[in-house]
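Notes follow the structure.
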Amino acid sequence: ASGEAFLFDADVDGLTDLSPDLGADNVSAEYAGGGGLLCVVKRDGGLILWKGGGARAVRRLPANQAVRFCRASPGGDLAVIADEADEVTVWQVETGQAQARWRCAGIRSCALSPDAGVFVTGHERGRICVWDPRTGDQRTSLVHTKETTTALAFSADGRLLAAASLAGPVTVWEGAAFRKLPVLSGHPHSTAALAFSPDGRRLATGSQDREAVKLWDTVTWQELLTLD
């Protein structure tokens, strides 16, 4: 691969060449989920955080290992990076300073709450670790299945946290105390994707089995729709 980077704009159905900003030695790119922030990994393990709208790269950050996950706060002011060396770093995007750094082995999935006050990591055997991204302190841990936690997602108001599993069932917790809600057992095999609607009234779960997508009511927790 050439390593060049392009941005596709669905509104104009066109490509923007980002290579003048990002160079041509790129390995992967991922939208970090906040503030239009794009996380670009370099071949040397370095990291570029780039904001759209025609802006140039806002920060080039050192990285000792390839990046596994990148999540950003809604305003794009904080970026949480988990690398292949099992290190998690919280970066202040504008200053390029590390706010917190800690070790966390075996991350399989992760999510940052909308207010950037909670960072969660999913692991094997259904284990979920809850972290304070300001300090790197672990607040608590949760367990929801005996299989790997494959995906994590917060609702837009941060009230609900959903966790998918390799076994299929999806578990949801509510509030700062993480009160466990009914388990959603609609998928017989691995659930790989989760997404809340903007108003938080619906949860979509995705799987590779025959019933690929299911839609759930987050008040009654009843299944509303299945797409094959």
Side-chain angles (χ1 to χ4, degrees), residues 6-16 28-39 52 67-74 80 82 107-115 118-128 130 142-175 178-228:
F6 295 88
L7 183 67
F8 178 76
D9 189 334
D11 291 332
V12 299
D13 194 24
L15 292 175
T16 300
S28 65
E30 177 183 2
Y31 264 112
L37 202 64
L38 184 68
C39 171
V67 171
R68 180 177 293 169
F69 297 105
C70 178
R71 299 291 184 267
S73 60
V80 185
I107 299 176
R108 298 293 182 264
S109 54
C110 64
L112 182 66
S113 65
D115 65 357
V118 177
F119 182 64
V120 290
T121 55
H123 304 264
E124 294 181 351
R125 299 184 179 180
R127 185 169 59 94
I128 297 171
V130 181
L142 309 167
V143 176
H144 69 113
T145 179
K146 295 181 180 180
E147 300 291 340
T148 299
T149 302
T150 53
L152 292 159
F154 282 98
S155 59
D157 60 3
R159 184 177 63 89
L160 300 174
L161 169 66
S165 73
L166 193 62
V170 173
T171 305
V172 183
W173 293 268
E174 180 180 38
F178 295 100
R179 182 175 69 91
K180 194 173 184 179
L181 299 177
V183 175
L184 310 178
S185 302
H187 294 289
H189 303 293
S190 175
T191 304
L194 299 166
F196 284 95
S197 62
D199 61 7
R201 297 177 59 187
R202 302 288 186 264
L203 171 64
T205 59
S207 173
Q208 295 181 346
D209 60 29
R210 186 176 62 83
E211 298 180 344
V213 178
K214 291 181 179 291
L215 192 65
W216 306 84
D217 185 306
T218 61
V219 175
T220 65
W221 296 110
Q222 296 298 307
E223 182 181 326
L224 301 176
L225 179 68
T226 296
L227 299 176
D228 295 335

Looking only at atom types and distance, does a side-chain atom of T121 sit under 3.5 Å from a main-chain N or O of I107, one as donor and one as acceptor? no
Tell me the closest heavy-atom pair linking A164 and V170, and the distance in Å. CA-CG2, 4.2 Å
H144 meets the ring pair (Phe, Tyr, Trp, His ring centres under 6.0 Å) criterion, sequence neighbours left out, with W173
Considering non-hydrogen atoms only, spot the tightest contact between V172 and A162 and give its length. CG2-CB, 4.2 Å
Measure across F154 and P114 and return the closest heavy-atom pair with its distance rounded to 0.1 Å. CB-CD, 3.9 Å
Nearest-0.5 Å distance that lies between atom NE2 in H123 and atom SG in C110: 9.5 Å
Please check: side-chain N/O of T171 versus main-chain N/O of A163, any donor-acceptor pairing under 3.5 Å? no
Which residues share a side-chain hydrogen bond (donor to acceptor under 3.5 Å, both in side chains) with R68, sequence neighbours left out: E84
In this structure, OG1 of T149 is separated from CD of E124 (nearest 0.5 Å) by 9.5 Å
Check salt bridge (Lys or Arg N to Asp or Glu O under 4.0 Å) between D217 and all other residues, then give those that pass, not counting sequence neighbours. R202
Rounded distance (nearest 0.5 Å) linking atom OG1 of T191 with atom CG of L184: 9.0 Å
Considering all heavy atoms, the nearest H187-S207 contact: ND1-CB, 3.3 Å
Reported OG1-to-CZ distance for the pair T150 and R108, which is rounded to 0.5 angstrom: 11.5 Å
Applying salt bridge (charged side-chain N to carboxylate O under 4.0 Å, His left out) as the test, list every pair that has at least one member in residues 143-163; sequence neighbours left out. D157-R159, R159-E174
Name every donor-acceptor pair, under 3.5 Å, that has one atom in a side chain of residues 221-228 and the other anywhere in the protein, sequence neighbours excluded.
{"unit_1": "E223", "atom_1": "OE2", "unit_2": "K214", "atom_2": "NZ", "d": "3.0"}
{"unit_1": "E223", "atom_1": "OE2", "unit_2": "T226", "atom_2": "OG1", "d": "2.4"}
{"unit_1": "T226", "atom_1": "OG1", "unit_2": "K214", "atom_2": "NZ", "d": "3.1"}

Using the test side chain to side chain contact (heavy atoms under 4.5 Å, CB included), find all partners of A153 that sit at least two apart in sequence or belong to another chain. L194, F196
Nearest 0.5 Å, please: how far is OG1 in T218 from CZ in R201? 8.0 Å
Reported OG-to-CG distance for the pair S155 and L203, which is rounded to 0.5 angstrom: 9.5 Å
